[in-house]
Amino acid sequence: MNITAADVNKLRQMTGAGMMDCKKALTEAEGDFDKAVEVLRKAGQKVAAKRADNETNEGLVLISDNGKNATILALACETEPVSKVDSFRELAADVLKTGVENNAKDKETLLATKMADGRTVEEAIIELVGKIGEKIVVTDYQFVEAEQVVSYSHSTGKLGVLVAFDNIQGTDVTEVGKDVAMQIAAMKPVGLDKDDVDPAIVQKEIEIGMEVARQEGKAEAMLEKIAMGKLGKFYKENTLLNQVFVKDNNLTIAQLLESTLKGLKITAFKRVQI
């Protein structure tokens, strides 16, 4: 059958796909628009499968924060030019909006959630993969809720932080919250306190400490004790509450909180970066 320029343009307006892709899809679907849309979706799936092992080191981190709860999304792609394309940035905003409006708390739920146009988030991403031709993936999606949540977005658009505070006693803790959020952005803590550190990380640090001591010629019987001492230093440098406050080296973050408001607590934090 004859596929007209008007038909191609109509499908292009419906899907956002390129003119040649639309013409090819309509030809394959023998002019049936619904089938043509499905052809384009399958094309996106093929591209996604082909590029599944590609690295995604570019993208965008977005935050939605109402002061009581906040959501952070990292949508990644392969190259910087794609991260600046309108369709990519619009998709990121739509995905975050979908997650917030549907109360999605984790990435798996988000991907299965339907957007305003009826597609799931995962389907929308795959379709854009087909149009752009490179891998696009949600690399992180986090939600926090507390008496007050403070967020921070880095100017690069590739790093964001959420900090959840409780026991604020009616006080606005935005100022100290921003300081703590920027501390998290810069110092990359692996946990709130030592009890929150992944046991696998702790074990790895002990092994490293023992091996270093062994190479220094320390007695085998002393290796574990030396490693545990090094672990204490690791906790001080890598857990948020025990870190030295970068803006005042006389305070730890725990001391900063107590000096700001007695009993003020951080219940959770999320650091998301592409």
Side-chain angles (χ1 to χ4, degrees), residues 61-74 95-110 113 138-155 157-202 205 231-274:
V61 174
L62 296 178
I63 294 173
S64 174
D65 176 7
N66 68 11
K68 295 293 185 182
N69 60 63
T71 305
I72 187 167
L73 165 76
V95 169
L96 179 60
K97 182 180 179 183
T98 297
V100 172
E101 290 182 347
N102 290 275
N103 204 30
K105 299 292 199 307
D106 56 67
K107 184 169 76 171
E108 290 70 26
T109 303
L110 173 71
T113 300
V138 174
T139 55
D140 209 342
Y141 178 84
Q142 302 286 341
F143 172 86
V144 298
E145 188 170 21
E147 290 180 13
Q148 185 173 348
V149 177
V150 179
S151 62
Y152 166 74
S153 295
H154 195 270
S155 58
K158 297 179 182 179
L159 169 64
V161 175
L162 307 179
V163 191
F165 292 90
D166 274 350
N167 199 28
I168 65 173
Q169 304 162 51
T171 303
D172 184 348
V173 297
T174 299
E175 185 175 349
V176 68
K178 291 293 185 183
D179 282 340
V180 172
M182 286 189 281
Q183 170 96 14
I184 294 166
M187 302 306 292
K188 305 177 183 178
V190 298
L192 183 59
D193 207 343
K194 63 181 183 179
D195 293 336
D196 303 304
V197 180
D198 186 332
I201 294 176
V202 174
E205 288 300 317
L231 183 63
K233 182 181 179 183
F234 171 83
Y235 285 140
K236 288 181 181 179
E237 293 177 349
N238 295 280
T239 57
L240 179 61
L241 294 179
N242 299 299
Q243 283 183 339
V244 172
F245 181 33
V246 292
K247 293 177 69 174
D248 184 347
N249 292 340
N250 294 314
L251 295 174
T252 64
I253 295 299
Q255 291 168 337
L256 170 67
L257 297 178
E258 193 67 10
S259 65
T260 300
L261 181 64
K262 191 172 181 61
L264 179 62
K265 294 180 179 180
I266 295 174
T267 57
F269 73 85
K270 305 293 180 184
R271 183 185 186 277
V272 173
Q273 184 174 18
I274 291 176

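Everything numeric here is computed off the predicted structure, so don't read it as measured data.
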S.K.: Taking salt bridge (charged side-chain N to carboxylate O under 4.0 Å, His left out) as the cut-off, I'd like each qualifying pair that reaches into residues 173-187, sequence neighbours left out, listed once.
M.R.: D179-K247
S.K.: Who passes side chain to side chain contact (heavy atoms under 4.5 Å, CB included) against V138, sequence neighbours left out?
M.R.: L73, L75, K107, L110, L111, I125, Y141
S.K.: List the residues meeting side chain to side chain contact (heavy atoms under 4.5 Å, CB included) with T98, not counting sequence neighbours, and say none if there are none.
M.R.: N102, T113, M115, V121
S.K.: Looking at residues at least two apart in the chain, or sitting in another chain, which of them share a salt bridge (Lys or Arg N to Asp or Glu O under 4.0 Å) with K158?
M.R.: E58
S.K.: Which residue pairs pass the side-chain hydrogen bond (donor to acceptor under 3.5 Å, both in side chains) test with at least one member in residues 186-200, sequence neighbours excluded?
M.R.: D193-N242
S.K.: Please identify each residue that fulfils side chain to side chain contact (heavy atoms under 4.5 Å, CB included) with N167, with sequence neighbours left out.
M.R.: Q169
S.K.: Quick one: list whatever passes side chain to side chain contact (heavy atoms under 4.5 Å, CB included) with V163, sequence neighbours left out.
M.R.: V161, F165, V180, A181, I184, I266
S.K.: Looking at V173, is its backbone amide N or carbonyl O close enough to the side chain of Q148 to form a donor-acceptor pair, meaning the two atoms are under 3.5 Å apart?
M.R.: yes
S.K.: Can you name the salt bridge (Lys or Arg N to Asp or Glu O under 4.0 Å) partners of E258, sequence neighbours left out?
M.R.: K262
S.K.: How would you list all residue pairs meeting salt bridge (charged side-chain N to carboxylate O under 4.0 Å, His left out) that involve residues 159-173, not counting sequence neighbours?
M.R.: none
S.K.: With sequence neighbours excluded, tell me which residues meet side chain to side chain donor-acceptor pair (under 3.5 Å) with Q273.
M.R.: R271
S.K.: Got a sec, which residues hit side chain to side chain donor-acceptor pair (under 3.5 Å) with E147, two or more places apart in sequence or on another chain?
M.R.: none
S.K.: Is a side-chain donor or acceptor of Q183 paired with a backbone partner of V244 at a separation under 3.5 angstrom?
M.R.: yes
S.K.: Can you list the residues that meet the salt bridge (Lys or Arg N to Asp or Glu O under 4.0 Å) rule with D65, with sequence neighbours excluded?
M.R.: none
